[in-house]
Amino acid sequence: MKCLARTLIICEKPDAARRLADALTESKPASYRKYGLTYYELKKENDILTICPALGHLYTVGSKEEVPRRRYPVWDYVWKPIHEVEKGRERQQEWLRAIEELGREADHFINACDFDIEGSLIGYMILKYACQAEEKAGRMKYSTLTKTDLNNAYLNVSSNLDYDIVKAGMCRHEIDWLYGINFSRALTESARKHSERYTTISTGRVQGPTLNFIVEREIEVKSFKPTSYWTIEVTVDVDGTIVKAQYSKKTLETETEANHIVENVKGKSGKINDFKETKMKVSPPYPFDLTTIQTEAHRHFHTSPSQTLRILENLYLQALISYPRTSSQKLSPSIGYRTIFNGIARCPEYKNLSSELLTGATLKPVEGKKFDPAHPAIYPTGAMSKTSIEPRARKFLDLIIKRFMAVFASAALRLNQKASFIVNKEYQFYINGSRIIEQGWFKYYHPYVKPTETIIPPVEIGKEVVVKEIFAQKHFTTPPPRYNPSSLIKEMDNKEIGTKATRAGIIDTLYKRGYIVDEAIRPTLLATKVIEVLTEHCPRIIDVSFTRELEIQMNKIETGETSHRAVVTDAIRQLKIIFEKIASQEKEIGKELSEAIMESKTQSVTLKTPCPNCGASLRIIRSKRTKKRFIGCSGAIKGECRFSLPLMQFGILKILDTFCKKCGFQLVSIKSKGKRPIISCPKCYVEGLANRRES
DNA sequence: GCAAGGTC
């Protein structure tokens, strides 16, 4: 009997392993479990294939020697199993144990992780260290998890691993580690030595520039000088219908100029001297990549990017949507458009719309430019939920299904109308109308698109229009808006820093570090100081060009123009110079930073409204005796004032930047888990209690 | 108690 060869195929994640196993056999592949890992076995020609998932990275960069976390700078690192470096990685430890055992049985090996740099690296590390079989391994490349693609990929496995890509990936990890760990430790330790209190002050290739966006925006907002301008607001009578009209100059610099126009136009009339109608095609939106759905969900559901990612992951695990961590705006016919539409149609609320699209001649989606080598855009699988979906996830699924339908729909058609008339010989005005003449995709994407219409009465050249009401309106220019988590993630996407899967988490980190506050994001004093220190010592780490340069170096590693070693050695050389200077200025840096931490902490508990009793500042205080929190007067320390106000004891308390309309006292908000924040006035609350007692 | 990257 001929002995069958065994091949171990490593995938990036459980879902990919299952799909690959399904694709490579006509029957259902046998599945087994080992230490919590599910793998598959099937016979293919003269091979037994063992298909086994990783769980993302199972190896990472760690300190070479067991040095205290406080020590810096550190230059010596080594690739280790991730559970040896990070806490809470017991699952990865078990998986590695399982893969090691499976590797012992195998003769051949294939890296079938996602077709991108990280995928090449994840598979390589496992094959090299867990299986000790890097030279016996090949690389399988596929860009969709469909049967055809996966089978083709299996037939075209390369005979070697893609070492150049692996080296580029290792380089990225190592550079990030060297910069991130060393600067974070330098900032943290210098402040700790000064204040003798520990606060994590971190930075890195992505955190740095992201925080800098916020600090720079705040400078723009603070230094903004509003200037005034005027507009002409005018309504006219057309055949008895009153409509708005626009003056040919949208904004006027002076009040004199605006008043002059009003005076010369008031009570007069004009004749339509031009009328144009233009049809405008409004194309459907692109399929969802992660960033786009994160901003779209924020717009419609007010969910933060990280909440959105969490909800999408759940939908994905329930097999209701495709893989959400994608930056692609493209779909592929191989996902089976018709099957998906048939699936969607089983749900009554989508039945009619879905059927309409199915009766069309061809199913061709509109697509965007962004492409992801590993995954297509986010789409609904058309599967029905086996368990009940929570209402919020249900809304997300609705958004994804409707978006999916919309991208296959026809363009909408808008009719824009523009009539012009001149009053008092020289003042030109326009009447603008707009109507939807073909709904197209609007119908499918309702209520996530709300097309507006401006209906105007029929006009023709020569018709008289009478000015009814006209006045000059004063306005002020406004500063650029502060970022919110949604617009910030979009900015990171535009500048191409971080990845689709990490951006939301990095913004969460900036909040956690006490660098940024509020939904309309403002930097704290600490953030400003961190940016100051980094600007002086390493402007590179807060600049997006660091990522660009790193990408160039990585490309050069892939093409063989430079080596992984050369790039890392050069980085260490540069860092050594920087850290010598930092060491000599550690005291000053520590003083600045720890003072900023103190300031931020006091700021967060000090009210802007002074004590109504003595005029000293009011603070949120926690009683040492009762452990309860309340608003107390700072005069209490000297025994001068005993003014106090009670506060709710549970939930996250925040001092708001708004004030009570009734009494002018500063408002506070209490946010309990899973609930909307309650905004209240501490002073009116007490007075309300007093009133109730009286009555 | 540190990065950024992948994944549950």
Side-chain angles (χ1 to χ4, degrees), chain A residues 10-17 36-38 53-63 67-74 77 79 82-83 85-92 94-96 113-114 116-126 168-192 197-211 309-310 312-314 316-318 323-327 372 374-375 492 497-510 512-514 530 541 546-547 550 554 571 575:
Chain A
I10 306 288
C11 294
E12 186 154 323
K13 49 186 167 283
D15 181 54
L37 171 153
T38 301
L55 207 55
H57 283 290
L58 299 183
Y59 291 83
T60 192
V61 180
S63 194
V67 292
R69 283 184 91 100
R70 287 181 175 179
R71 168 135 21 120
Y72 79 93
V74 279
Y77 58 82
W79 283 82
I82 202 163
H83 66 264
V85 181
E86 292 173 23
K87 276 188 176 168
R89 297 295 192 160
E90 293 76 16
R91 199 157 167 221
Q92 277 84 353
E94 290 296 283
W95 282 45
L96 214 45
C113 291
D114 289 355
D116 54 23
I117 292 182
E118 297 298 329
S120 294
L121 184 57
I122 290 167
Y124 164 84
M125 285 290 161
I126 292 167
M170 288 172 69
C171 176
R172 204 274 306 146
H173 279 257
E174 293 161 19
I175 295 283
D176 278 341
W177 187 87
L178 287 165
Y179 273 84
I181 300 294
N182 283 314
F183 277 101
S184 298
R185 283 186 188 176
L187 297 171
T188 303
E189 283 308 302
S190 59
R192 191 191 58 79
R197 288 177 73 168
Y198 182 90
T199 307
T200 302
I201 312 177
S202 64
T203 194
R205 178 176 52 84
V206 184
Q207 278 186 39
T210 308
L211 188 57
L309 180 54
R310 214 173 311 129
L312 296 182
E313 270 166 355
N314 277 326
Y316 161 70
L317 291 174
Q318 291 179 69
Y323 190 69
R325 284 184 285 242
T326 173
S327 53
D372 185 322
H375 307 280
M492 294 170 82
I497 53 167
T499 70
K500 64 257 173 181
T502 57
R503 289 180 189 130
I506 283 166
I507 296 173
D508 286 352
T509 301
L510 297 181
K512 206 167 77 193
R513 297 275 180 265
V530 167
I541 205 170
F546 183 13
T547 298
L550 184 58
M554 285 166 70
L575 284 170

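All chains are named by letter (A, B, ...) in the order of the sequence lines, taking the proteins before the strands, and each is independently numbered beginning at 1. Side-chain atoms are counted along with the backbone in the values below, which use heavy atoms only and exclude waters and symmetry mates. In this text, all values refer to a predicted model and were calculated from it rather than measured experimentally.
If you check every strand for non-hydrogen atoms under 4.0 Å, A:Arg310 touches nothing. The residue A:Ser202 sits close only to the backbone: its heavy atoms come under 4.0 Å of sugar-phosphate atoms, none of a base. Counting non-hydrogen atoms under 4.0 angstrom, A:Pro53 reaches nothing in the nucleic acid. Counting non-hydrogen atoms under 4.0 angstrom, A:Thr60 reaches a base of the nucleic acid. Using a 4.0 Å heavy-atom cutoff across all strands shown, A:Leu317 reaches sugar-phosphate atoms only and no base atom. Using a 4.0 Å heavy-atom criterion, one finds that A:Glu189 contacts no nucleic acid atom at all. No contact: A:Glu313 has no heavy atom under 4.0 Å from any strand. A:Asn182 comes within 4.0 angstrom of nothing in the nucleic acid, heavy atoms only. Using a 4.0 Å heavy-atom criterion, one finds that A:Arg89 contacts the bases of the nucleic acid, with or without backbone contacts as well. At the heavy-atom level, A:Arg185 lies under 4.0 Å from base atoms of the strands shown. The residue A:Gly169 sits apart from the nucleic acid: no heavy atom pair falls under 4.0 Å. When heavy atoms are screened at a 4.0 angstrom cut-off, A:Lys87 is found touching the sugar-phosphate backbone but no base atom. Residue A:Tyr323 is classed as a sugar-phosphate contact, given heavy-atom separations below 4.0 Å to backbone atoms only.
Qualifying side chain to side chain contact (heavy atoms under 4.5 Å, CB included) partners for A:Leu178, counting only residues two or more places apart in sequence or in other chains: A:Trp75, A:Tyr77, A:Asn182, A:Val568, A:Ile572, A:Leu575. Under the side chain to side chain contact (heavy atoms under 4.5 Å, CB included) criterion, A:Ala186 pairs with A:Tyr72, A:Phe579, A:Ile582, not counting sequence neighbours. Scored by the salt bridge (charged side-chain N to carboxylate O under 4.0 Å, His left out) test, A:Arg172 finds A:Glu118, A:Asp176 as partners (sequence neighbours excluded). Every side-chain hydrogen bond (donor to acceptor under 3.5 Å, both in side chains) that A:Glu189 has, sequence neighbours left out, goes to A:Arg192. With sequence neighbours left out, A:Asp116 forms a side-chain hydrogen bond (donor to acceptor under 3.5 Å, both in side chains) with no residue at all.
In this structure, A:Cys113 and A:Gly119 approach most closely via the heavy-atom pair CB-O, 3.2 Å.
Heavy-atom distances to DNA chain B give each of A:Ala54 and A:Arg513 a nearest nucleotide, and the one nearer the 5′ end belongs to A:Arg513. For the pair A:Tyr59 and A:Arg69, nearest-nucleotide mapping onto DNA chain B gives the more 5' position to A:Arg69.
Protein chain A touches strand DNA chain B; the 5'-most and 3'-most nucleotides with an atom under 4.0 angstrom of its non-hydrogen atoms are B:dG1 to B:dC8.
Ring geometry, A:Phe546 versus A:Tyr179: the interplanar angle falls from 30° to 60°, so the pair is classed tilted.
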